[in-house]
4 protein chains.
Amino acid sequence: MLTQVYNLFIYFLLELSMDRKKAILDAAAALFAERGFAATPTAEIARRAGVAEGTIFHHFKNKDELLFNIVIDLFDAFIEGIKTAIATPRNGLDAVEKALWFHLLFIEKKSSLVLVLVRDFPFKLLNVESPFSRELKTRAQRIHELFVECLERGRQDGSICPVSIQATAIILRSLLTGYTRLKFLSPVPLPEMREELIRFCRRSLTTSTTNHEQP
Amino acid sequence: MLTQVYNLFIYFLLELSMDRKKAILDAAAALFAERGFAATPTAEIARRAGVAEGTIFHHFKNKDELLFNIVIDLFDAFIEGIKTAIATPRNGLDAVEKALWFHLLFIEKKSSLVLVLVRDFPFKLLNVESPFSRELKTRAQRIHELFVECLERGRQDGSICPVSIQATAIILRSLLTGYTRLKFLSPVPLPEMREELIRFCRRSLTTSTTNHEQP
Amino acid sequence: MLTQVYNLFIYFLLELSMDRKKAILDAAAALFAERGFAATPTAEIARRAGVAEGTIFHHFKNKDELLFNIVIDLFDAFIEGIKTAIATPRNGLDAVEKALWFHLLFIEKKSSLVLVLVRDFPFKLLNVESPFSRELKTRAQRIHELFVECLERGRQDGSICPVSIQATAIILRSLLTGYTRLKFLSPVPLPEMREELIRFCRRSLTTSTTNHEQP
Amino acid sequence: MLTQVYNLFIYFLLELSMDRKKAILDAAAALFAERGFAATPTAEIARRAGVAEGTIFHHFKNKDELLFNIVIDLFDAFIEGIKTAIATPRNGLDAVEKALWFHLLFIEKKSSLVLVLVRDFPFKLLNVESPFSRELKTRAQRIHELFVECLERGRQDGSICPVSIQATAIILRSLLTGYTRLKFLSPVPLPEMREELIRFCRRSLTTSTTNHEQP
DNA sequence: AATGAATGAGTATTCATTCAT
DNA sequence: AATGAATGAATACTCATTCAT
């Protein structure tokens, strides 16, 4: 009986704690998107999350770790989404296109979190040997592998013409990365061009012979 | 005679002044590349430039304006380079490819300045109505127009297949932007893939409608 | 029982906190009197108060707010004193004289704080719509009202001759304000003249129409 | 002939120089009145005066000396005015009243310069043994003497009742000083009360017996 | 006399992080 | 777990003044 009450109590504390941790992350994400990482004081995060400033440092080692968590969560959600998107298509080319589509939809659905990434990609943490660096590399590598998978599948089923798999995966990611930045940085809204972007890739992936020396 | 002496005098003053201003910009660019904008104290810039700290603020309104000047200069050099690169080619497709090549070479030649741009793109200065914002938009627009020029030329001389000019210009810039970031951010060096990247674009630009949905 | 311990605990925290805040204000007031507001670095205030420099800004938004608090506290003490001084006198004239006396004693008792006021009256904070401005206006208005009260009472009990109440209140305050400044600014000590000053006012307040223009 | 041309030339330079010195003082006075002494950079004064910053320091030893000149000029103008005002009146009382009137008109006519004085009375320069201190003391003393003169004259011609001349002179100056401050500092305009103020003084100066103990 | 580039000392303020309670 | 007072290092920027030309 007492044990049950105790458990309930612990559970309650845990719940509260989880709530607070979540509240802090949400507040941080919103503020980072609004003002940028550097321009957001931890005091402000605490205020918006409705907790004391010290509480932030109970749940996170430091301010960087807040950004870390937000970014990693975003990457994980992205990876899960891509995996789902490429699971069902009937061939490799189709899978690539589904992956592209997913990216284009994802950056709109999660626009405020993506803005955090576009604004404040935690560059400095990449070069040092940190847990953060390792975790992030894993994710980046995973995304690369997923594109490689699609491309290999496309090569095997013949839906994609002979290309360098590694280079093409990088090219596709580059295109998406760059498009995302241009979309968020552009002072004027970009035209609707998602279909065009995918057609651009499809043409490239399906055209074997390049004959650019026609006179 | 007197006028000549006077001119020499003025020139001398100007030269001296320019020297210091240039020294400050060079020191700032080098330090921003080494440590990042935020992590570079103005005192350090002054020390490396061999001037007093106050001199920086005699020539530049604030630290931001240093970054502003570095970034704008880089954009101007880039625009000049592109203009030269696309002036001579025999057709539109060739011009596009020359532009792509120029970009790929430029980011290697100016790698440290590009690193400053990739890492510390002054996001905050974009949103407000600042001279910086206006100047930068002009440059971005100019680059877009140069790509549009090439593409239109290619459409007219038949070297490029029917595509949306506007969307395609954005796609090409996205690809280059994204590739630049990946190159500078990637913890592992990217493979040599410049030829592949250009082939990717060429295939897309030269292949008319591909209808892959019908088996 | 637990509540009591808790209260004691809270009280203790509050006390500590109040102690520091008080220490900062005291140190600031002393230094402002010694050297003037502008010539007092916050680092010096912190040193004298025995706290870290940051602690000042934990308790006060900025340096101005230190001056604000000192000045407001001085005004409040003055108002309380005047209220007490004018509470008991048997008639209005007497009340006015007690108010004058109180002022003359007050500026000697609180001479160092009054010096801060005379020297560093925060003019700039008056013109903008600031909390400081509002608070200070309230106090000035309150002092004016207290003089008006005395004068009205004097008119009613006949101890003061027919005069414009509003104008006379301003005149009395002017006289005190000006005397205070002269006293603190004068390079040579003013002669003892408090009795004379009060007699000067008394004569004016008790003499009905003097028509000096007709010989 | 040559001498004449030379003289003209020197005269021209001198004129120019005088013009510049005047322009600097005017610009400084205007800016000090608008923003206060401390908040006015010398660069701003130079800009408004249409001269180079260095030129200020050719004509004035330092920034303080600008304020010094403005203040001294104002005092001199005031003293001249008072002297004229008290020269003609038919008796001492009348002279005092003319002096008071002159002050009241003066602070309205020269309101922006008086504002400089009210705002930024150069307190710090008073305590040290400086030429400024000496000059200013001379002026203050002179004003005091002028009031003393009037009062003595009034005592002799019987227009003023028996009072302490020294104390009364201080009281009158206090009243004017204080009124000036209240007028400039008051957030709401003071009522028209110049006549009342003079009547207040006149009553006091003409009433010999004070009988304030009437039951 | 006039210039204005250069100076560099001087200082308020910010803010992540700690830690006693 | 939660608090929030206290910390103090870190830094951009101001500005009167100098001086070579």
Side-chain angles (χ1 to χ4, degrees), chain A residues 10 12-14 16-18 20-21 38-46 51-66, chain B residues 6 9-10 12-14 16-21 38-46 51-64 66, chain C residues 6 9-10 12-14 16-21 38-46 51-64 66, chain D residues 10 12-14 16-18 20-21 38-46 51-66:
Chain A
I10 291 296
F12 183 62
L13 284 182
L14 217 70
L16 261 183
S17 162
M18 279 300 109
R20 296 205 198 232
K21 193 164 181 177
T40 302
T42 52
E44 188 67 25
I45 298 170
V51 302
E53 203 175 350
T55 307
I56 292 175
F57 295 89
H58 262 284
H59 293 286
F60 304 93
K61 210 172 80 237
N62 50 36
K63 196 186 170 191
D64 283 341
E65 205 164 87
L66 279 174
Chain B
Y6 177 77
F9 176 57
I10 292 294
F12 184 60
L13 284 181
L14 221 70
L16 261 182
S17 161
M18 277 301 110
D19 276 0
R20 304 228 195 208
K21 197 165 179 178
T40 303
T42 52
E44 187 65 26
I45 297 171
V51 301
E53 200 174 354
T55 307
I56 293 176
F57 295 93
H58 184 69
H59 291 287
F60 304 93
K61 217 171 71 236
N62 48 40
K63 196 184 166 191
D64 281 344
L66 279 175
Chain C
Y6 177 76
F9 174 58
I10 290 297
F12 184 61
L13 284 183
L14 221 68
L16 260 183
S17 162
M18 278 300 109
D19 276 358
R20 305 227 193 206
K21 196 166 180 175
T40 303
T42 52
E44 188 65 26
I45 299 171
V51 302
E53 201 174 354
T55 307
I56 294 176
F57 296 91
H58 184 69
H59 290 287
F60 304 93
K61 214 169 73 238
N62 48 39
K63 197 185 167 191
D64 281 343
L66 279 174
Chain D
I10 291 296
F12 183 62
L13 284 182
L14 218 70
L16 261 183
S17 163
M18 279 300 108
R20 295 201 200 235
K21 192 164 182 178
T40 302
T42 51
E44 187 67 23
I45 298 171
V51 302
E53 203 174 353
T55 308
I56 293 176
F57 294 90
H58 263 283
H59 292 286
F60 305 93
K61 212 173 78 234
N62 50 36
K63 195 186 169 191
D64 282 342
E65 207 164 86
L66 279 174

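Computation of the quantities below employed the complete heavy-atom set of this structure, encompassing side-chain atoms and omitting hydrogens, waters and symmetry-equivalent molecules. Chain letters run A, B, ... following the sequence lines, proteins first, then strands; residues in each count from 1.
Two residues, C/Ala39 and A/Glu53, neighbour DNA chain E, and the one matched to the more 5' nucleotide by heavy-atom proximity is C/Ala39. Remark on DNA chain F: of its neighbouring residues C/Gly54 and B/Lys61, the 5'-side contact belongs to C/Gly54, judged by nearest-heavy-atom nucleotide.
Phosphate contact (OP1/OP2 of E/dC15, side-chain N/O of A/Thr42, threshold under 4.0 Å): absent. Residue D/Arg20 has no polar side-chain atom (N or O) positioned under 4.0 Å from OP1 or OP2 of E/dA1. Between A/Thr55 and the phosphate of F/dT3, there is a side-chain N or O to OP1/OP2 separation shorter than 4.0 Å.
Distance C/His58 NE2 to F/dT3 C1': 11 Å, rounded to the nearest Å. What separates CG of C/Asp19 from C1' of F/dA5 is a distance of 13 Å, to the nearest Å. Whole-Å rounding puts the C/Asp64 CG to E/dT13 P distance at 7 Å. Following rounding to the nearest Å, A/Phe57 (CZ) and F/dA6 (P) show an atom-to-atom distance of 18 Å. Across the protein-nucleic acid pair, C/Phe60 atom CZ and F/dA6 atom C1' stand 14 Å apart, rounded to whole Å. Atom CD of C/Glu44 and atom C1' of E/dA12 are 15 Å apart (whole Å). E/dA16 atom C1' lies 14 Å from atom CD of A/Glu65, rounded to whole Å. The NZ-P distance, from D/Lys63 to F/dT18, rounds to 15 Å in whole Å.
Between the side chain of D/Glu65 and the backbone N or O of D/Lys61, at least one donor-acceptor pair lies under 3.5 Å.
Remark: A/Lys63 is not positioned above the aromatic ring of A/Phe57, lacking an NZ or CZ atom under 6.0 angstrom from the ring centre and at most 45 degrees off the axis.
Here the CZ-CD1 distance, from C/Phe60 to C/Ile45, works out to 9.5 Å after rounding to the nearest 0.5 Å. Expressed to the nearest 0.5 Å, how far OG1 of D/Thr42 lies from CG of D/Asn62 amounts to 10.5 Å. The distance from the CD atom of C/Glu53 to the NE2 atom of C/His58 is 15.5 Å, given to the nearest 0.5 Å.
In this structure F/dT11 sits in a base pair with E/dA12, meeting the Watson-Crick or G-U test at under 3.5 Å. With a 3.5 Å ceiling on both atom-pair distances, the Watson-Crick or G-U wobble partner of E/dA20 is F/dT3.
Candidate nucleotides E/dT7, E/dT13, F/dC15 were compared by shortest atom distance to the side chain of D/Pro41, and F/dC15 ranks first.
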